[in-house]
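Notes for the one structure printed next.
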2 protein chains.
Amino acid sequence: MSKDTAAPPPSGSPARRSDATRAAILAAARERFAADGYDRATVRAIAQDARIDPAMVMRYFGSKEGLFAAAVAVDLRLPDVADVPVGSLGRVLVGHFLDLWEDDELRGVLTAMLRVGVTNPAGAARMQEIFRDQVLPIALRAVPDPAQAPARAALVSSQLLGLALTRLVLRFEPAVRLGRGEIVDWLAPTVQRYITATEP
Amino acid sequence: MSKDTAAPPPSGSPARRSDATRAAILAAARERFAADGYDRATVRAIAQDARIDPAMVMRYFGSKEGLFAAAVAVDLRLPDVADVPVGSLGRVLVGHFLDLWEDDELRGVLTAMLRVGVTNPAGAARMQEIFRDQVLPIALRAVPDPAQAPARAALVSSQLLGLALTRLVLRFEPAVRLGRGEIVDWLAPTVQRYITATEP
DNA sequence: CCCGTTGGCCAACGCTTGTTGACACCGTAG
DNA sequence: CTACGGTGTCAACAAGCGTTGGCCAACGGG
């Protein structure tokens, strides 16, 4: 039906009154998807959180899938590693990953993708996209042998996503307790090794 | 059919004719839960896979939640680490974890718990149980300072579950490609360090 | 042979879901 | 004042869900 979902008003268009509603729906959707996963986050509940009618969700985003796509369409803003000393890559990457989930919105997106990516094909596809388009390129610049970049990037992702999983989603208590400094101290050497070690 | 997982009839009770049906339902349930997660794995679909009526599921397991509980009630059979040389703990633990998902049934249970634990409270609770009752005790025996055992066990879990996540659930291609030997070579030093390093 | 027990099917219930189309409000332009 | 496009509500839909209770078919000990 309406294909206007993914088109943000370009510069110059007046701030429509409905932009606030759109934003409210998106915020509510991210929270619900992050808390409940795709299936249990109902359109009705999201609409209630945003204090509007469920029909508005369909008007603005076409369908529940469209809403999810819009809710997780954010740039991770991964840092450029070109000017990072090779020896500091571990600390920098782990630190940046932790920064991600200190931003309320990005943590919501990350948690939502973790929760949804695990049960919903579209969610899993979106995570593969992010891995391919945003994580792999970084590895390609940092890793000694480019042919090894995919494997090394996958290993790094497994550790970082594993931490997000145990901490944000499964809420293993000792994982939740860990402070930022401890996490960096423990994980940075691991990530560093996955990226730069000449052999396992 | 496969081995009856949950509660083998104790000595003396005759092999009932319905035990086969029970087992078929459990096997189908594990497959569906592993493939689709809790909500999308419908009782009707499971019943169809097992070639019985949905009502049978309720007769045997009381409810969908009861079915799930029965489907994931298995012992991980983690090895006793008392007689493992401290220096080999990394390789042994990673190797055993990989063994887990080479057994068809256990891989099903693991994948099901990952998929369900992420959206379903009961699933998350079950994973916390396993962590507390089966993983933590191992750490307590292997770690230098017992006070650090929970944190170290959580770190180990984050790496192992992260690998399972990227490989079995999200199916990041480079992660899927990794061979068993490569995984052990890369992950064992990480796990070893999380357990025995005196400081990060 | 009879009849209670066991294993199984069927049709239906009450409920929630995503989605839709008709209708009401509002502010501005003509 | 009227007309109208942008906002928003309401009631209803069909589909799918977990769950229930009644009925049927085979079996096996008396």
Side-chain angles (χ1 to χ4, degrees), chain A residues 1-5 7-10 12-29 32-33 35-71 115-116 119-123, chain B residues 1 4 6 9 13-29 32-33 35-71 115-116 119-123:
Chain A
M1 304 302 174
S2 63
K3 273 296 189 185
D4 55 339
T5 357
S13 86
R16 297 172 166 279
R17 197 157 51 87
S18 63
D19 288 348
T21 310
R22 262 191 136 81
I25 297 178
L26 278 179
R32 282 280 176 178
F33 282 133
D36 301 339
Y38 189 83
D39 296 282
R40 295 166 112 87
T42 68
V43 171
R44 284 171 154 91
I46 292 169
Q48 193 169 4
D49 287 0
R51 266 182 274 270
I52 44 93
D53 191 272
M56 293 275 87
V57 173
M58 313 310 293
R59 214 205 258 307
Y60 287 139
F61 300 98
S63 69
K64 186 183 181 180
E65 283 214 27
L67 172 62
F68 175 73
R115 279 230 159 81
V116 174
T119 40
N120 188 269
Chain B
M1 286 286 162
D4 48 342
S13 94
R16 297 173 161 275
R17 203 157 42 90
S18 63
D19 287 348
T21 310
R22 260 191 138 81
I25 296 178
L26 278 178
R32 282 282 176 179
F33 281 133
D36 300 338
Y38 190 82
D39 296 280
R40 295 166 111 87
T42 68
V43 170
R44 285 169 152 92
I46 292 170
Q48 194 168 3
D49 287 359
R51 266 181 274 271
I52 44 94
D53 191 90
M56 294 277 87
V57 174
M58 314 310 293
R59 224 216 243 313
Y60 286 139
F61 299 98
S63 68
K64 187 182 182 181
E65 283 214 26
L67 172 61
F68 175 73
R115 279 229 158 84
V116 175
T119 39
N120 187 269

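Computation of the quantities below employed the complete heavy-atom set of this structure, encompassing side-chain atoms and omitting hydrogens, waters and symmetry-equivalent molecules. Order of the sequence lines fixes the chain letters, A, B, ..., with proteins taken first and strands second; residue numbering starts at 1 for each chain.
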Within this structure, what is the [atom1]-to-[atom2] distance between [X] and [N], rounded to whole angstrom?
X	N	atom1	atom2	answer
A:Met56	D:dA11	CE	C1'	15 Å
A:Arg51	D:dT7	CZ	C1'	18 Å
A:Gln48	D:dT9	CD	P	12 Å
A:Ile46	C:dT17	CD1	C1'	13 Å

Helix axis bend for the helix from C:dC1-D:dG30 to C:dG30-D:dC1 - C1'-based end axes, five pairs, 10° rounding: 30°
Below 30° counts as parallel, above 60° as perpendicular, anything between as tilted: where do the rings of B:Phe68 and B:Phe33 land?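 Perpendicular: the ring planes of B:Phe68 and B:Phe33 meet at over 60°.
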Strictly by side-chain hydrogen bond (donor to acceptor under 3.5 Å, both in side chains), give each pair with a member in residues 42-62 of chain B just once, sequence neighbours left out. B:Arg32-B:Asp49
To the nearest 0.5 Å, what is the distance between CD1 on B:Ile25 and CG on B:Leu67? 7.5 Å
Gap separating the OG1 atom of B:Thr21 from the CE atom of B:Met56, nearest 0.5 angstrom: 8.0 Å
Nearest heavy-atom neighbours spanning A:Pro121 and B:Arg40: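 Closest approach of A:Pro121 to B:Arg40, heavy atoms only: CD-NH2, 4.4 Å.
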Heavy-atom pair of closest approach, residues A:Ala71 and A:Ala29: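 That closest heavy-atom pairing would be CB-CB, 4.5 Å.
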Which atoms of nucleotides 17-22 of chain D (N or O only) lie under 3.5 Å from a protein N or O atom, and what are those distances?
residue	atom	partner	partner atom	Å
D:dG18	OP1	B:Val43	N	3.3
D:dG18	OP1	B:Lys64	NZ	3.0
D:dG18	OP2	B:Val43	N	3.1
D:dG18	N7	B:Arg44	NH1	2.4
D:dG18	O6	B:Arg44	NH2	3.1
D:dT19	OP2	B:Lys64	N	2.8

Sequence neighbours excluded, which residues qualify as side chain to side chain contact (heavy atoms under 4.5 Å, CB included) partners of B:Ala122? B:Glu65, B:Asn120
Tell me what B:Phe61 touches on the nucleic acid: a base, only sugar-phosphate, or nothing, going by heavy atoms under 4.0 Å. nothing
Pair A:Thr119, B:Asp39 - check side chain to side chain contact (heavy atoms under 4.5 Å, CB included), show working. CA-CA 9 Å; A:Thr119 40; B:Asp39 296 280; over 6 Å; no
